[in-house]
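Below is one structure; the comments refer to it alone.
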Protein chains: 2
Amino acid sequence: MAASAPRSGNYEQLKGELSRLYPGMSPQLQRIATFALEHPQDMALDTVATLARGVGVQPSAMVRFAQALGYDGFSELQRVFRGRLVERSNTYPGLRNYRERIEAFRAGQQRSGPGGVLAQFVADGIASLEQLHEQVAPGDLAAAAKELSNSKSIYVLGHRRSFPVAYYIAYALNQLELEAHLLDSVGGMLKEPARQIGPKDALIVISFKNYTPEVVEVAQACHARKVPVIAITDNALSPLARAARVCFQIEEKTSKPFRMLVAPMCLAQALVVALGEQISK
Amino acid sequence: MAASAPRSGNYEQLKGELSRLYPGMSPQLQRIATFALEHPQDMALDTVATLARGVGVQPSAMVRFAQALGYDGFSELQRVFRGRLVERSNTYPGLRNYRERIEAFRAGQQRSGPGGVLAQFVADGIASLEQLHEQVAPGDLAAAAKELSNSKSIYVLGHRRSFPVAYYIAYALNQLELEAHLLDSVGGMLKEPARQIGPKDALIVISFKNYTPEVVEVAQACHARKVPVIAITDNALSPLARAARVCFQIEEKTSKPFRMLVAPMCLAQALVVALGEQISK
DNA sequence: TTGACTTTAGAACAGGTGTTCCAGAACAAT
DNA sequence: ATTGTTCTGGAACACCTGTTCTAAAGTCAA
């Protein structure tokens, strides 16, 4: 077999090569090819032995298959299938063209100019929002809205960079004519008002690392007192995660040295609206 | 280590267990936990040795980590991460095409459950950011940064829904060790401190319609006194536009009955960073 | 300090990995 | 039929896998 060596780096190319080479392949290799395209996930994760059993061939045949496609061995071929898996897991078809556009845009722009700063923030913000959508389980928003709709008053707590988010939530809830209180610590008073929060109320708490200790303390204290706590934080390992009934985790993959507020703010607005809808029915 | 054996079958459960067990873990295990949540894909595909190198521990530590979570060994834990990967890859969670969602929302306000709320906000947020990028002239950010870098103190003013943006700017400027003052009107005092702002200072003012009268007044007064004013508002007809040296206009195309804060927040962060870069050279 | 205990590093191990190799089967052409 | 070539099965191999085990280091209380 001549089998010119293309060695496609990604799955799409691989499919192309495969369909090109397929007619010239031996029956066995054709069977493997069919299997590979029908079970790309297995190809990504299983071992050669397992796959060979699945196709009904010897492991060596799998290696030959990979080599027929120009790869050194099966492992190298498998890398392509794995690549497909990870790419699919963090890219949505509807948003893909955005990414590409942003990437292209970034590439074209010089990075340091002040015009580039905004472009970068826009790009990061979009990425941030995409990730928000990936990370938040659909039921969480509903669960949070339900908790909140059952509560007498809603308290909102967030300090430092999380304060804008907290403020906005309190503000918007008031616009909905709900009884919402912002726990600012004006005049150094935080814990005193926090102690009035009871099991019939609810607490929305926002904090990212490094988690402001006072905020965490209040959240934990409330949780211990059976107050429903809705948390917005970054991580499952956040101390807030343990102290919350519903916990939104907004991980940040940006390269920036500081946190983007775009995603938390967006979530906050969605939460308020979800609550509004919950109540109006 | 007690470490009751939960042995979560899926990634969500695993995250829960992890956050529960985290506080009781040894420092090394905590590091591994952090790494695992930050690199779930690597956890799914790499070998123990590779991952261990990534975290900076011995392979045995990875195994201990898995066992601490109740699994027999690392392989069993890895299966959970792999499960997540394949699940994500073949169920595109909602949001097939976000444009469709926007259209649907605009046209027939077909509400599609609380999960849909978030998807819509994400979609609107992305649209919002894209528009931000189109609307802001490249030079404006530079111009604003330059004005600000020449000023003695920076005052920031924004009320109601614009307050989060104002607060954030003041907060971030303080982090840059600049002299920034937030003009909140705690205790009903707004105009008094505002009167101290002089031509060598600068004012950043944020307001969308309907423009809070007090805010507009302060901005106009400052402008009349030759204070450099940087405005963030919604369109060219805004009263702030006339009272500003640099004016960012963030029009909103959304059909939502209220304003999205995603774009202004993003602009605010970009502005701060642009200023930071301006100063450091 | 001492002593009990936990945490960590690293070597050792058994089993499984991907790969190679070669003899024989299948096939096509003469 | 026979030859030349391709294809397939299966054993053999070197290596790397995940795991276990032990001893050293670290931690904390008294």
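Order of the sequence lines fixes the chain letters, A, B, ..., with proteins taken first and strands second; residue numbering starts at 1 for each chain. Atoms considered below: every heavy atom in the structure, side chains included; atoms not considered: hydrogens, waters and symmetry mates.
Contact check, S26(A) against dT8(D): a side-chain N or O comes under 4.0 Å of OP1 or OP2.
Every residue two or more places apart in sequence or in another chain that forms a side-chain contact (heavy atoms from CB on, under 4.5 Å) with R161(A) is listed here: R259(A), Y171(B).
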Determine, step by step, whether Y211(A) and D234(A) satisfy the side-chain hydrogen bond (donor to acceptor under 3.5 Å, both in side chains) criterion, reporting the C-alpha distance in whole Å, the side-chain angles of both residues, the deciding distance to 0.1 Å, and the verdict. CA-CA 10 Å; Y211(A) 316 99; D234(A) 44 13; 2.8 Å; yes

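Looking at heavy atoms from C-beta onward, I230(A) lies in side-chain contact with F248(A) at the 4.5 angstrom threshold. Using a 4.5 Å heavy-atom threshold, the side chains of F121(A) and V262(A) count as separate.
Atoms OH (Y71(B)) and C1' (dT19(D)) sit 18 Å apart, rounded to a whole Å. Atom CE in M62(B) sits roughly 15 Å away from atom C1' in dA9(C) (whole-Å rounding). Summarising the geometry, the separation between CG on L29(B) and C1' on dT7(C) is reported as 9 Å, rounded to the nearest angstrom. Taking atom CD1 on I32(A) and atom P on dT8(D), their separation rounds to 8 Å, with Å as the unit. A straight line from CD of Q28(A) to P of dG10(D) spans 11 Å, rounded to a whole angstrom. Between the CD atom of Q58(A) and the P atom of dG10(D) there is a distance of 5 Å, rounded to whole Å. Put simply, CD on Q78(A) is 14 Å from C1' on dT19(C), counting in whole angstrom units. In this structure, D46(B) atom CG and dT17(C) atom C1' are separated by 16 Å, rounded to whole Å.
Axis deviation across the helix from dT1(C)-dA30(D) to dT30(C)-dA1(D) amounts to 20°, comparing end segments of five pairs, rounded to 10 degrees.
At the heavy-atom level, A49(A) lies under 4.0 Å from the strands shown only through sugar-phosphate atoms.
With hydrogens and angles disregarded, no donor-acceptor distance shorter than 3.5 Å links the side chain of Q41(A) to the backbone of E87(B). Without hydrogens or angle criteria, R242(A) side chain to L237(A) main chain gives a donor-acceptor distance under 3.5 Å.
There is a side-chain donor-acceptor pair under 3.5 Å between Q269(A) and Y168(A).
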Would you tabulate the pairs of protein nitrogen or oxygen atoms and nucleotide nitrogen or oxygen atoms of nucleotides 20-26 of chain C closer than 3.5 angstrom?
from    : atom 1 : to     : atom 2 : distance (Å)
dT20(C) : OP2    : Q67(A) : NE2    : 2.9

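Around atom CZ of R160(A), no more than 12 heavy atoms belonging to other residues, nucleotides or ligands sit under 6.0 Å away.
Checked for salt-bridge contact, E17(B) and R20(B) meet the test: a charged N lies under 4.0 Å from a carboxylate O.
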